[in-house]
Amino acid sequence: MPYNEVFILFWEQVKESVQLGTFAKLTMAKTIGKPNLKNIFLRPMYADDGFKVLLKFSYRSRDTEDEEEILTLDAALLVIKPYLKKSFLSVLLFTTTKDATFKINKKGMGSITQNSPTFFEVIQAQKDLE
């Protein structure tokens, strides 16, 4: 199945984990080539005004400072989606009940695999205060 159709199914698992309170982390990994952008992370931030994520762009170069932003899950999707297939070939969802991995192969087809959970509790992100 084309990767964009499979990613929709994968993102449903992300939203479900948020609703169940089991979302631990989301990581975009497996960069294409050796770009300066190393990873994109989403960490949970449960608050009185609803669920938010800490979106972090992590860079290889020490000259480039990592970027962090607090967003809603829907807003974070709009930010990370353009990086699929162009910069990253896999997205890992970590929940307290399972890990799910979304992958894009060389032919542009997507797949989802599931494994035992890496995290057993949700650790909320803290925004670095300067």
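With rounding to the nearest 0.5 Å, the separation of CD in E12 from CZ in F10 is 11.5 Å. L71 CG to E68 CD: the interatomic distance, rounded to the nearest 0.5 Å, is 11.5 Å. Separation of atoms CZ (F23) and NZ (K15) is listed at 13.5 Å; rounding is to 0.5 Å. In this structure, the separation between NZ on K38 and OG1 on T64 is 11.5 Å, given to the nearest 0.5 Å. Distance check: K52 NZ to E69 CD gives 11.5 Å after rounding to the nearest 0.5 Å.
Using a 4.5 Å heavy-atom cutoff, the side chains of N36 and S61 are in contact. Two residues are said to be in side-chain contact when any heavy atoms from C-beta on lie closer than 4.5 Å; F102 and Y3 meet this criterion.
Looking at residues two or more places apart in sequence or on another chain, you find a side chain to side chain contact (heavy atoms under 4.5 Å, CB included) between D66 and K56, S58, Y59.
Hydrophobic clustering (side-chain heavy atoms under 4.5 Å, transitive across Ile, Leu, Val, Met, Phe, Trp, Tyr) groups F7 together with L9. Cluster membership for L73 and L20, using ILVMFWY side-chain heavy atoms within less than 4.5 angstrom, is not shared. At a threshold of 4.5 Å between side-chain heavy atoms, the hydrophobic network of Ile, Leu, Val, Met, Phe, Trp and Tyr places L93 and L89 in one connected group. Clustering ILVMFWY residues whenever any of their side-chain heavy atoms sit less than 4.5 angstrom apart, transitively, puts V79 in the very cluster that holds L42.
Judged as a side chain to side chain donor-acceptor pair (under 3.5 Å), not a single pair has a partner in residues 71-92 (not counting sequence neighbours).
Of all the heavy atoms in Q13 and A100, the pair that sits closest is OE1-CB, 3.5 Å. Minimum heavy-atom separation, M28 to L84: CE-CD2, 3.9 Å. Minimum heavy-atom separation, V6 to S111: CG1-N, 3.8 Å. Between F119 and K25, the shortest heavy-atom distance links the atoms CZ-CD, 4.2 Å. Here the shortest heavy-atom pairing between L54 and M45 reads CB-SD, 3.8 Å. Nearest heavy atoms, P44 versus A24: CD-O, 3.1 Å.
The one candidate from T27, I104, L37 that meets the side chain to side chain contact (heavy atoms under 4.5 Å, CB included) condition with F88 is L37. The residue from T118, T101, T22 that alone fulfils the side chain to side chain contact (heavy atoms under 4.5 Å, CB included) condition with F94 is T118. The only member of L26, I80, I70 that meets side chain to side chain contact (heavy atoms under 4.5 Å, CB included) when paired with L55 is I80.
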Take I40 and F57 through the side chain to side chain contact (heavy atoms under 4.5 Å, CB included) test and state the conclusion after the steps.
-> CA-CA 5 Å; I40 299 175; F57 285 82; 3.5 Å; yes

